[in-house]
Amino acid sequence: MTASISDHLLAWYDKHARALPWRLPPGAPLPDDPAWPYRVWLSEVMLQQTTVAAVKPYFEKFTALWPDVTALAAAPDDAVMAAWAGLGYYSRARNLMKCAREVAVRGGFPTTEAELRQLPGLGDYAAAAIAAIAFGQRAVVVDANVERVTARLFAITDPLPGARKAIRAATAGITPATRAGDFAQAMMDLGAQTCTTRSPRCLLCPLRAHCRAHAAGAPERLPVKPAKKPVPERSGTAFWITRQGGAEVWLVTRPGKGMLGGMRALPDDGWSARADGSGMVPLAGDWRELGAVRHGFTHAQLTLRVMALDTDSPPPGEGQWRPVSQIEDAGLATLFAKAARLALAGG
DNA sequence: CATTCGTGGGG
DNA sequence: TCCCCAAGAAT
């Protein structure tokens, strides 16, 4: 039988695999070390909808602070949320803690795809990826890279998300019985570096001869994606409330669900992706207008006005005074870090 | 099935 | 500047 797609791809991967902090060299035996599945799991969660470049420093920080799942399970919530600050999609960090604690109680990660799928924060993709990469099991791993590569290989022209079933079936058809983890990572490397969204580098592609979209002449058109909805424009106000002449600032912890859920933050006027903030100040005083910051979310574009007040009276509600000198370590999401920077610059 | 959830980099 | 989107999951 002629060499298969997976054979070609694995041979390519053996030469061209990216070296990544959470990855073994191609073909390496799986370490018999509980820290190994932990690192695979941590990287997979961090990499959800997030670029490799963005993940790297966070992966290094997390593994230095918490080298294994037991250590992470024992960490206080606010420390984990603060360490995640800036990486985005904060429900991942909340689920990360839930998952770590479940895994610590049961004495280690489960090794089957079905069991992994039951853990918080692990969906179809991550469960398959961890089963294959961490435990060497044959699992069909489909992320956005694989979706793109497979749609092109087989010239699947049905638009997403309807095409997912066919894409998954086609991916299953080329997933090998052994080295499924390397195969998945090879597909993702290929998608990230060669079979890219806008201008695929077909001349460098090991699967060029197998690719129906390349043969047809317009691989960059696949997969067909649905039109995106317009992003609404929102406005809100954040409050930089200090005491002792600006030495300490009042920070709150946002509710556990919703935008920036569970994160330490500046108090604000209740803006959301769905509605503008009220614009009302939380306490009376001689407020100063410092200006505004712009911040783009996936589903809203926000202009956040920043107002400042130095006061001796405690603001209403839960919160705590934090030293302004350590604001960089307070664990603010990027939006509020921008607002804090504006305040520190004096408007 | 559609919506909600961040952020930073590249074209 | 603007738009696109990246190792998706939860609801």
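Each chain gets a letter, A, B and so on, in the order the sequences are listed, and its residues count up from 1.
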Are any of the side-chain nitrogens in [X] or [Y] under 4.0 Å away from the carboxylate oxygens of its partner?
{"X": "A/Glu248", "Y": "A/Arg322", "result": "no"}
{"X": "A/Arg305", "Y": "A/Glu289", "result": "yes"}
{"X": "A/Asp158", "Y": "A/Lys165", "result": "no"}
{"X": "A/Asp78", "Y": "A/Arg264", "result": "yes"}

Worksheet item: Between A/Arg39 and A/Pro21, is there a donor-acceptor pair closer than 3.5 Å when you use the side chain of the first and the backbone of the second?
Response: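 Yes, the answer is positive, given that a donor and an acceptor are paired below the 3.5 Å cut-off.
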Just call it for [X]: base, sugar-phosphate, or nothing, with non-hydrogen atoms closer than 4.0 Å on any strand.
{"X": "A/Ser199", "answer": "nothing"}
{"X": "A/Trp84", "answer": "nothing"}
{"X": "A/Ala144", "answer": "sugar-phosphate"}
{"X": "A/Arg294", "answer": "nothing"}
{"X": "A/Ala126", "answer": "sugar-phosphate"}
{"X": "A/Leu20", "answer": "base"}

Worksheet item: If the sugar-phosphate is the primed atoms plus P, OP1 and OP2 and the base is the rest, what is the B/S/- string for nucleotides 5-11 of chain B, using protein heavy atoms under 4.0 Å?
Response: BBBS-BS
Worksheet item: Considering only heavy atoms, which members of residues 149-158 of chain A lie under 4.0 Å from some atom of DNA chain C?
Response: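 Under 4.0 Å from DNA chain C: no residue of residues 149-158 of chain A.
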Whole-Å distance between [N] [atom2] and [X] [atom1]?
{"X": "A/Lys225", "N": "B/dA2", "atom1": "NZ", "atom2": "C1'", "result": "17 Å"}
{"X": "A/Glu147", "N": "C/dA6", "atom1": "CD", "atom2": "P", "result": "10 Å"}
{"X": "A/Asp124", "N": "C/dT11", "atom1": "CG", "atom2": "P", "result": "15 Å"}
{"X": "A/Arg94", "N": "C/dA10", "atom1": "CZ", "atom2": "P", "result": "11 Å"}
{"X": "A/Trp271", "N": "B/dT4", "atom1": "CH2", "atom2": "C1'", "result": "13 Å"}
{"X": "A/Gln301", "N": "C/dC3", "atom1": "CD", "atom2": "C1'", "result": "11 Å"}
{"X": "A/Tyr58", "N": "C/dA7", "atom1": "OH", "atom2": "P", "result": "18 Å"}
{"X": "A/Leu47", "N": "C/dA7", "atom1": "CG", "atom2": "P", "result": "9 Å"}

Worksheet item: Taking the six-membered ring of A/Trp12, is NZ or CZ of A/Arg208 closer than 6.0 Å to its centre and within 45° of its axis?
Response: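 Checked: cation-pi criterion not met.
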Please state the [atom1] separation for the pair [N] and [M] - nearest whole angstrom.
{"N": "C/dA9", "M": "B/dC1", "atom1": "C1'", "answer": "15 Å"}
{"N": "B/dG6", "M": "C/dC4", "atom1": "C1'", "answer": "15 Å"}
{"N": "B/dT7", "M": "C/dT11", "atom1": "C1'", "answer": "23 Å"}
{"N": "B/dT4", "M": "C/dA7", "atom1": "P", "answer": "24 Å"}
{"N": "B/dG8", "M": "C/dT1", "atom1": "C1'", "answer": "16 Å"}

Below 6.0 angstrom between ring centroids: does that apply to [X] and [Y]?
{"X": "A/Phe109", "Y": "A/Trp41", "answer": "yes"}
{"X": "A/Phe239", "Y": "A/Trp250", "answer": "no"}
{"X": "A/Trp66", "Y": "A/Tyr38", "answer": "no"}

Discussion item. Between A/Lys98 and A/Arg18, which residue's closest nucleotide on DNA chain C lies nearer the 5′ terminus?
Written reply: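 Nearer the 5' end of the strand: A/Arg18.
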Practice prompt. Assign each of A/Asn95 and A/Lys228 to its nearest nucleotide of DNA chain C by heavy atoms, then name whichever residue's nucleotide is nearer the 5' end.
Written response: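 Its nearest nucleotide being more 5', the pick is A/Lys228.
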Practice prompt. Would you sort out whether A/Gln185 and A/Arg23 count as a side-chain hydrogen bond (donor to acceptor under 3.5 Å, both in side chains), showing the intermediate values?
Written response: CA-CA 9 Å; A/Gln185 292 177 94; A/Arg23 179 184 279 185; 3.0 Å; yes
Worksheet item: Is there a side-chain polar atom (N or O) of A/Arg164 under 4.0 Å from OP1 or OP2 of B/dC1?
Response: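 No, outside the criterion.
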Worksheet item: Taking OP1 and OP2 of B/dA2, is either one under 4.0 Å from a side-chain nitrogen or oxygen of A/Lys229?
Response: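 It does not, given that no N or O in the side chain of A/Lys229 lies less than 4.0 Å from OP1 or OP2 of B/dA2.
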Worksheet item: Rounded to the nearest 0.5 Å, what separation is found between the NZ atom of A/Lys56 and the OG1 atom of A/Thr51?
Response: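 Atom-to-atom, A/Lys56:NZ and A/Thr51:OG1 are 10.0 Å apart.
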